[in-house]
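The basis for the numbers below is simple: all heavy atoms, side chains too, and nothing from hydrogens, waters or symmetry mates. Heads up: numbering here begins at 1 and tracks the sequence.
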Amino acid sequence: MTWREHLRNLALVGVCGIALALLPPALSVYLRSFALFAMMYVVLALSWNVISGFTGYTSFGHVAFYGIGRKAVGKISSTV
């Protein structure tokens, strides 16, 4: 990749970050939770790609930590 492509990608990430920071107040609760879960699954897919795709390891540890964290957050948020 050239420096121009790196700068373009960085600008795109910045614009998306700003849009995601400003968008939640304008959305309903359903759309906010849908966007949150979609982003969580994107992060899970990216971690799977790094672990299994680039390195070639077969590991389900990160999926277990993801599930444990999701369950813990669900329990904590339901009691608050």
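- Rounding to the nearest 0.5 Å gives a distance of 10.5 Å between CH2 of Trp3 and CG of Leu10.
- Between the OG1 atom in Thr2 and the CD atom in Glu5 there is a gap of 4.0 Å [rounded to 0.5 Å].
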Practice item. Applying side-chain contact (heavy atoms from CB on, under 4.5 Å), run through Val29 and Arg32 and close with a yes or a no. Key: CA-CA 5 Å; Val29 175; Arg32 270 186 276 174; 3.8 Å; yes
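- Under a 4.5 Å side-chain heavy-atom criterion applied to ILVMFWY residues, the cluster that includes Val43 comprises that residue alone.
- Residues passing the side chain to side chain donor-acceptor pair (under 3.5 Å) test with Arg70, sequence neighbours excluded: Tyr41.
- Partners of Leu36 according to the side-chain contact (heavy atoms from CB on, under 4.5 Å) rule, which considers only residues two or more places apart in sequence or in another chain, are Met40.
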